[in-house]
Amino acid sequence: MDKGKHFEGQIGSHVISLKTADSTNSIAMELGAGDAPHGTVVVASRQTMGRGRLGRLWVSPKGNISMSILLRPTLRPAELRLLTLSVAVSCAQALKKVTGVHIGIKWPNDLMVSGRKLGGILTETKLRGKRVIFVVVGIGINVNSDANDFSPELWRTATSLRAETGREVPKDILMTEMLDRIGFWYGMLTTGGRECILNEWRNLSSTLGRKIRISTGKETLKGFAEALDCEGNLVVRLCSGARKVISAGAVTMVR
Ligand code: BTN
């Protein structure tokens, strides 16, 4: 395929809309291996095998947003973290604009309302050597779901826009606004606006300045979330006083 074709069109100019998918990320990864263009969006009303970060299952009932965006960026692998942070910023801004609900971002990219999880982002990448061939950014937002859609344990730490606003929220308006913001911040990322993305993430952060516990997979650490560095890593001041730069992990707030 002619490489130029990948860059035709904007994010969301090709949308594949499905009633049910196992995982929109899996479908978008398959499309990426073919010749689907940059900006292709896969949306499903519900997913049967939604995937979350760190190998977790993502519960995706009807009423929520499950969508994945195929991107063919000219970014280095190290810059992809900023891409995910920019999508978190985009979603927080879009959801706030449509519903008025203030959304915080828990590092790296959990969308939170008053300490409960509203949505998440899973970025998957196809590399050839050190070259990024394509990226799939999957976004799950709890829009019109309620306690009946989740196990009691999961609902204790989750929320939805309907639960927060007390009314049904139109998914199509949300998705249009999200794609618009993602297009804006993607443009920023690819034209040298990294610092703007980092600053907007810092403004929306619900992690910085808080006591946290972080599980990296290898160890669990306790400390103070001091900063977001220029690569999107979390800088933590440990109880010992040492400073640690964390590139991946799951954060919980400590009171
Ligand atoms: C997280 O664990 O916080 C990330 C959740 C990402 C879920 C979305 S829903 C659409 C896309 N398809 C998937 O299978 N996962 C992502």
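All residue numbers refer to positions in the sequence shown, counting from 1.
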Worksheet entry | Separation between CG of N109 and CZ of R81, rounded to the nearest 0.5 Å | 9.0 Å
Worksheet item: So do the side chains of E124 and R51 get within less than 4.5 Å of each other, counting heavy atoms only?
Response: yes
Fill in: Side chains of I103 and L204 in contact at under 4.5 Å (non-hydrogen atoms)
no
Discussion item. Keeping R202 on the side-chain end and A227 on the backbone end, is there a donor-acceptor pair under 3.5 Å?
Written reply: no
Worksheet entry | Under 3.5 Å: donor-acceptor pair, side chain of N199, backbone of C196 | no
Item to complete: Show the numbers, then the answer: is there a side-chain hydrogen bond (donor to acceptor under 3.5 Å, both in side chains) between W185 and Q93?
Response: CA-CA 11 Å; W185 284 108; Q93 291 181 334; 2.8 Å; yes
Worksheet item: Any sub-3.5 Å donor-acceptor pair from T125's side-chain atoms to L127's backbone N or O?
Response: no
Response to the item:
Output for pair (T99 OG1, R167 CZ), nearest 0.5 Å, gives 7.0 Å
Using distance only, find each side-chain donor-acceptor pair of residues 244-255 under 3.5 Å and give its atom names and separation, not counting sequence neighbours.
from	atom 1	to	atom 2	distance (Å)
K244	NZ	E219	OE2	3.1

Worksheet entry | Short side-chain to backbone donor-acceptor contact, R72 and G32, under 3.5 Å | yes
Worksheet item: Is it true that a side-chain atom of R128 and a backbone atom of I133 form a donor plus acceptor pair closer than 3.5 Å?
Response: no
Discussion item. Does atom NZ (K62) have a neighbourhood of more than 12 heavy atoms from anything else shown, all under 6.0 Å?
Written reply: no
Discussion item. Looking at R237 and G241, would you say the former's side chain and the latter's main chain have a donor-acceptor pair under 3.5 Å?
Written reply: yes
Discussion item. Are T84 and V87 packed together at the side-chain level, in the sense that at least one heavy-atom pair is separated by less than 4.5 angstrom?
Written reply: no
Discussion item. Under 4.5 Å between side-chain heavy atoms, counting indirect links through other Ile/Leu/Val/Met/Phe/Trp/Tyr residues: same cluster for V136 and L85 or not?
Written reply: no
Item to complete: Determine whether L95 and V169 make a side-chain contact, defined as any pair of heavy atoms from C-beta on separated by less than 4.5 Å.
Response: no
Practice prompt. Can you sort out the partners of F150 under ring-ring contact (aromatic ring centres under 6.0 Å, His included), two or more places apart, ordered by chain and number?
Written response: W155
Worksheet item: Do I16 and L31 have side-chain heavy atoms sitting under 4.5 Å apart?
Response: yes
Discussion item. If we ignore hydrogens and angles and just use 3.5 Å, is the side chain of T123 paired with the main-chain N or O of I121 as donor and acceptor?
Written reply: no
Worksheet item: Among the clusters formed by ILVMFWY side chains lying less than 4.5 Å apart, do L174 and L111 turn up in the same one?
Response: yes
Worksheet item: With distance as the sole test, does W107 use its side chain to make a donor-acceptor pair with the main-chain N or O of G232 at under 3.5 Å?
Response: yes
Discussion item. What's the separation between atom NZ in K106 and atom OG1 in T207, rounded to the nearest 0.5 Å?
Written reply: 6.5 Å
Worksheet entry | Nearest-0.5 Å distance, OG of residue S86 to CD1 of residue I182 | 8.0 Å
Worksheet item: With sequence neighbours left out, which residue pairs that include part of residues 135-145 fulfil the side-chain hydrogen bond (donor to acceptor under 3.5 Å, both in side chains) condition?
Response: N64-N142, N64-S145
Worksheet item: Got a second to check how far W201's CH2 is from L82's CG, nearest 0.5 Å?
Response: 11.0 Å
Discussion item. Distance check, rounded to the nearest 0.5 Å: K222 atom NZ versus I214 atom CD1?
Written reply: 14.0 Å
